[in-house]
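Taking it in order: structure first as structure tokens, then the write-up.
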Amino acid sequence: MNVLITGGAGYIGSHVVKQLLETTAYKVTVVDNLSTGSRKTLDTLRAIGDFKFIDLDLKEFDKVAELFTKSSFDTVIHFAASIVVPESVQNPLKYYMNNTVNTTNLINCAVQNGVKKFIFSSTAAVYGEPQEIPVLGLDEKFAVEPINPYGMSKLMSERVLQDTAKAHKDFKYVIFRYFNVAGADIHYENDTLLPRIGQSFPNATHLIKIASECALGKRDKMAIFGDDFNTTDGTGVRDYIHVDDLAEAHIKAVKYLKENDSDIFNIGYGKGYSVKEVIETMKKVTSNDFQVETAPRRAGDPAALISDNRKIKKKMGWIPRYEDLGLICKSAYEWEKKL
Ligand code: UD1
């Protein structure tokens, strides 16, 4: 099996590369433009196993086409994308070009060169701002109504994949709609949690990343964006999933597509935590206090997003291992220490 991973030097991609190297005998090629991914991450991964790295931006269509004609990939796992929601509102064309256009070209190259399987990182942002969350969370049939260009750029890519698979019968896809990915490599040395890879890109906007920076004193305070939502404590509720559980689903997806048809899967734990609960958990597991202020809501933040994950559990046999929010926070913090 010859697998191409785009964005393999980035946060989620690197955790998938790690698991491919540790648990499979697949031949792995990583493509990354290193805009947010890091060389240090690639060096760490090299200590785990062997893979080929190509420094390439997916907008370089000629080079992407050449890569596909020279290699014979069976599977593409596509992570490379821009992911900052507010930036997507200010600079939508960056998102439509980098996410939708480059993904379309990648799919085209894959189909032209006989790639059979395509695994795509989509997002819960395709669901927009649900007014009411069903008791069991949002399932894959829930209405898709993205409210920002980031979510729309991903939804459009989903559609390109679906239409392509309808027209090319031997081309199959798995689309994963990620809820809130957090935490870092669960790796112990002498019983001490010591992540080898994690979220490296500075200026990240994710809640758990920011809270771990505060716990380490890298920031002196943080803000809760809105405490007047219609939730149990008034702060936003999200379904935080550990990056290693998310990564494992991608390994399962490669096997799944050998015997099953294309499909879309939500991926989260089906349990929501509020911003206040996350901050309290970070303080508790690190034994560090920090200052927290209340600020106005961030534009476009829905009150709650929780996944219904019954489909991925049932159809793929995915069994999450790191559902403990304390471990998610602790691993993010231990990784942050190393940066
Ligand atoms: C969004 C996207 C997700 C994307 C991520 C990072 C949606 C549905 N999801 O997730 O696909 O990968 O951004 O770009 O659009 N918060 C604070 N203070 C902070 C930071 C966050 O209170 O300093 C709150 C937010 O208001 C929210 C929760 O924490 O309620 C989670 O925020 P964040 O980690 O940024 O992720 P999302 O916005 O949910």
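Counting convention: from 1, in listed order, for ligands and their atoms alike.
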Practice prompt. Verify the distance criterion only: is there a donor paired with an acceptor across the side chains of Ser121 and His78 at less than 3.5 Å?
Written response: no
Item to complete: Take the angle between the ring planes of His15 and Tyr11 and call it parallel below 30°, perpendicular above 60°, tilted in between.
Response: perpendicular
Worksheet item: Among protein heavy atoms, which sits nearest to atom 7 (C) of ligand 1, and what does the distance come to when rounded to 0.1 Å?
Response: Ala125 CB, 3.6 Å
Worksheet item: More than 12 foreign heavy atoms under 6.0 Å from CD of Glu60: is that the case here?
Response: yes
Worksheet entry | Part of Leu207 within contact of ligand 1 (heavy atoms, under 4.0 Å) | both
Worksheet item: How does Asn180 reach ligand 1, by side chain, by backbone, by both or by neither, if only non-hydrogen atoms under 4.0 Å count?
Response: side chain
Discussion item. Students should be able to answer this: which protein heavy-atom is nearest to atom 4 (C) of ligand 1, and at what distance?
Written reply: Ile83 O, 4.0 Å
Practice prompt. Note the single closest protein heavy atom to atom 19 (C) of ligand 1, along with its residue, its atom name and the distance in Å.
Written response: Phe225 CE1, 3.3 Å
Practice prompt. Can you sort out which atoms of ligand 1 are near Asp301, meaning under 4.0 Å from one of its heavy atoms?
Written response: 25 (C), 26 (O), 38 (O)
Worksheet item: If you group Ile, Leu, Val, Met, Phe, Trp and Tyr by side-chain heavy-atom gaps below 4.5 Å, do Leu21 and Ile54 land in one group?
Response: no
Practice prompt. Please indicate whether Lys283 has more than 12 foreign heavy atoms, meaning atoms of other residues, nucleotides or ligands, lying under 6.0 Å from its NZ.
Written response: yes
Item to complete: Around atom 24 (C) of ligand 1, find the nearest protein heavy atom and jot down its residue, atom name and distance.
Response: Val275 CG2, 3.6 Å
Worksheet item: Where does Tyr240 meet ligand 1, judged by heavy-atom distances below 4.0 Å: at the side chain, the backbone, both, or neither?
Response: side chain
Worksheet item: Are any of the N or O atoms of Ala124 closer than 3.5 Å to those of ligand 1?
Response: no
Fill in: Region of Arg298 that comes within reach of ligand 1 [heavy atoms, distance under 4.0 Å]
side chain
Worksheet item: Counting only heavy atoms, which portion of Leu305 has something under 4.0 Å from ligand 1: side chain, backbone, both, or neither?
Response: side chain
Worksheet item: Where do Lys70 and Glu66 land on the salt bridge (Lys or Arg N to Asp or Glu O under 4.0 Å) test, with the steps shown first?
Response: CA-CA 6 Å; Lys70 280 190 177 157; Glu66 195 187 319; 2.8 Å; yes
Worksheet item: Which of the atoms in ligand 1, numbered in the order shown and given with their element, are less than 4.0 Å from a heavy-atom of Thr205?
Response: 20 (C), 35 (O)
Discussion item. What protein heavy atom lies closest to atom 13 (O) of ligand 1? Include the residue and the distance to one decimal.
Written reply: Val85 CG2, 3.9 Å
Worksheet item: So if you build clusters from Ile, Leu, Val, Met, Phe, Trp, Tyr with side-chain heavy-atom gaps below 4.5 Å, do Phe142 and Ile175 land together?
Response: no
Item to complete: Could you walk me through whether Glu22 and Arg196 pass salt bridge (Lys or Arg N to Asp or Glu O under 4.0 Å), step by step?
Response: CA-CA 13 Å; Glu22 282 179 340; Arg196 296 160 295 181; 3.2 Å; yes
Practice prompt. Please identify which atoms of ligand 1 are closer than 4.0 Å to at least one heavy atom of Ile224.
Written response: 22 (O)
Worksheet entry | Proximity of Ala223 to ligand 1 by residue part, where a heavy atom lies under 4.0 Å | backbone
Practice prompt. Find out whether Val275 and Leu207 are in side-chain contact, i.e. whether some heavy atom of one side chain is under 4.5 Å from a heavy atom of the other.
Written response: yes
Worksheet item: Got Asn113 and Phe73 here, is their nearest side-chain heavy-atom distance under 4.5 Å?
Response: no
Worksheet item: Could a heavy atom of Tyr273 be found less than 4.0 Å from some atom of ligand 1?
Response: no
Worksheet item: N/O to N/O below 3.5 Å, does that happen between Arg238 and ligand 1?
Response: yes
Worksheet item: Between Ile210 and ligand 1, does any nitrogen or oxygen pair lie at a separation below 3.5 Å?
Response: no
Discussion item. Can you confirm if the aromatic rings of Phe79 and His250 lie within a centre distance of less than 6.0 Å?
Written reply: yes
Worksheet item: Would a 4.5 Å heavy-atom cut-off, applied to side chains only, mark Ile267 and Arg177 as touching?
Response: no
Fill in: Side-chain donor-acceptor contact under 3.5 Å, Tyr95 with Glu87
yes
Worksheet item: Strictly under 4.0 Å, does any heavy atom of Tyr150 approach an atom of ligand 1?
Response: yes
Worksheet item: How far is atom 5 (C) of ligand 1 from its nearest protein heavy atom, and which residue and atom name does that atom have?
Response: His206 NE2, 3.8 Å
Discussion item. Which of the numbered atoms in ligand 1 are under 4.0 angstrom from any heavy atom belonging to Thr123?
Written reply: 11 (O)
